[in-house]
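This report refers to the structure that appears directly beneath it.
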Number of protein chains: 2
Amino acid sequence: MRIFEYNFFVKNQSLKEFKAGIFQALAHPTRVAIAEILRDGELSAGAILEQLGLEQANVSQHLAVMRAKGVVSNRKEGNQVFYSLRHPMLVDVLNIMRQYFLQQLSEASEMLQAIEVEEEHSPQV
Amino acid sequence: MRIFEYNFFVKNQSLKEFKAGIFQALAHPTRVAIAEILRDGELSAGAILEQLGLEQANVSQHLAVMRAKGVVSNRKEGNQVFYSLRHPMLVDVLNIMRQYFLQQLSEASEMLQAIEVEEEHSPQV
DNA sequence: AAATTATATTCGAAGATTCGCATATTTGCA
DNA sequence: TGCAAATATGCGAATCTTCGAATATAATTT
């Protein structure tokens, strides 16, 4: 009985919340950018800020959102704070999405090219 | 020059927006649940509704969000509307997350067990 | 045509997010 | 001690999200 409850509630219910929480944490272009900047490892808030070229407070707020959802961990060292992705699998997730996106793009581009070639033979406009 | 702009804007800028849009579309437990229900293929809104056991209007609203973000396509057939995942890679994404979650869970559970065993030898409370 | 079934939309309230701006906190250094 | 650098937080306005309740639309059946 306890094992059943464990399986049902912990796994099935909160697994969805876990996923939704991560999606929420990344549901903003700036936060996707931050996750990608952290792809190769830990970086200070300042380094992230520099790569983004946005307002300091704004970046700090987005980092706070990601902290709150648990997708980054942070470590204070002297003057600065170093951030890293808490779930390395997110790198795989972002890669899958990038690969898929580029593939769709190239299919669309091939289609456009085909149309252009077709129009050279019998222009519509 | 046009190719440079294409690469920069289409790929680098809107790739982040593409990802963020998908994350936003799944940034709610109900919508994660819908995506998982659609894992094995097309289903009618009614069938989704039945599996979720939520209010009809609510499910329809969540489906509308997913439609707006482009993560599902819909096909009307007579009386009903059939939904499916537009990006099959999402199944992989969800699987990676599930696998990772379960692995974390089992690590945590092993850790708890180790603590329990330890406490049998030298109880703290 | 009227009733029924399947699905979507509208509305309004409650709450959450996002942003810029100003300010606080912490640490290191002169 | 006092100042500068790195980072976080508080505030208020604008916008977005979510929900239930009611209603609309469209196809099907009687």
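The chains referred to below are lettered A, B, ... by the order of the sequence lines, with proteins before strands, and numbering in each begins at 1. Only heavy atoms go into these numbers, but all of them, side chains included; no hydrogens, no water, no symmetry mates.
At dC19(C), one or more side-chain N or O atoms of His62(A) fall inside 4.0 Å of OP1 or OP2 (strictly under the cut-off). Using a 4.0 Å cut-off, no side-chain N or O of Arg67(A) falls inside it from OP1 or OP2 of dT7(D). Neither OP1 nor OP2 of dT18(D) sits under 4.0 Å from any side-chain N or O of Asn58(B). For the OP1/OP2 pair of dA6(D) and a distance below 4.0 Å, the side-chain nitrogens and oxygens of Tyr83(A) include no atom meeting the criterion.
In this structure, Gln80(B) places its CD atom 9 Å from P of dT28(D), rounding to the nearest Å. Atom C1' of nucleotide dT7(D) and atom CD of Glu50(A) are separated by 15 Å, given to the nearest angstrom. Rounded to whole angstrom, the span from the CG atom of Asn74(B) across to the P atom of dA8(C) amounts to 7 Å. Rounding to whole angstrom units, CD of residue Gln56(B) and C1' of dT5(C) are separated by 11 Å. Arg75(A) has its CZ atom 15 Å from the C1' atom of dA6(D), to the nearest Å. Going from atom CG of Leu54(B) over to atom C1' of dT7(C) covers 16 Å, rounded to whole Å. Rounded to a whole Å, the CG atom of Leu52(B) is 16 Å from the C1' atom of dA6(C). With rounding to whole Å, Glu77(A) atom CD is found 12 Å from dT27(C) atom C1'.
Taking the six-membered ring for Trp and the full ring otherwise, the centers of Phe18(B) and His87(B) sit less than 6.0 Å from each other.
Within 4.0 Å of Gln24(A), counting heavy atoms only, lie sugar-phosphate atoms of the nucleic acid but no base atom. The residue Asn79(A) sits close to a base: some heavy atom pair falls under 4.0 Å. Contacts of Ala57(A) with the nucleic acid, taken as non-hydrogen atoms under 4.0 Å apart, include base atoms.
One N or O on the side chain of Arg31(A) and one on the backbone of Ala25(A) form a donor-acceptor pair closer than 3.5 Å.
Neither side chain, Tyr83(A) nor Arg75(A), offers a donor N or O lying under 3.5 Å from an acceptor on the other.
Of the residues near DNA chain D, Gln61(A) and Phe82(A), the one whose nearest nucleotide (by heavy atom distance) lies more toward the 5' end is Phe82(A). Between Gly78(A) and Leu63(B), the residue anchored closer to the 5' end of DNA chain C is Leu63(B), taking for each the nucleotide with the nearest heavy atom.
Under a cut-off of 6.0 angstrom, the local environment of CD in Gln103(A) is crowded, with over 12 non-hydrogen atoms contributed by other residues, nucleotides or ligands. Atom CD of Glu50(A) sits in a sparse spot, with 12 or fewer heavy atoms from other residues, nucleotides or ligands closer than 6.0 Å.
Taking the six-membered ring for Trp and thresholds of 30 and 60 degrees, His28(B) and His62(B) have ring planes inclined between 30 and 60 degrees apart.
Cluster membership for Ile22(A) and Val65(B), using ILVMFWY side-chain heavy atoms within less than 4.5 angstrom, is not shared.
Residues of residues 25-44 of chain A having a heavy atom closer than 4.0 Å to DNA chain D, listed by number: Ser44(A).
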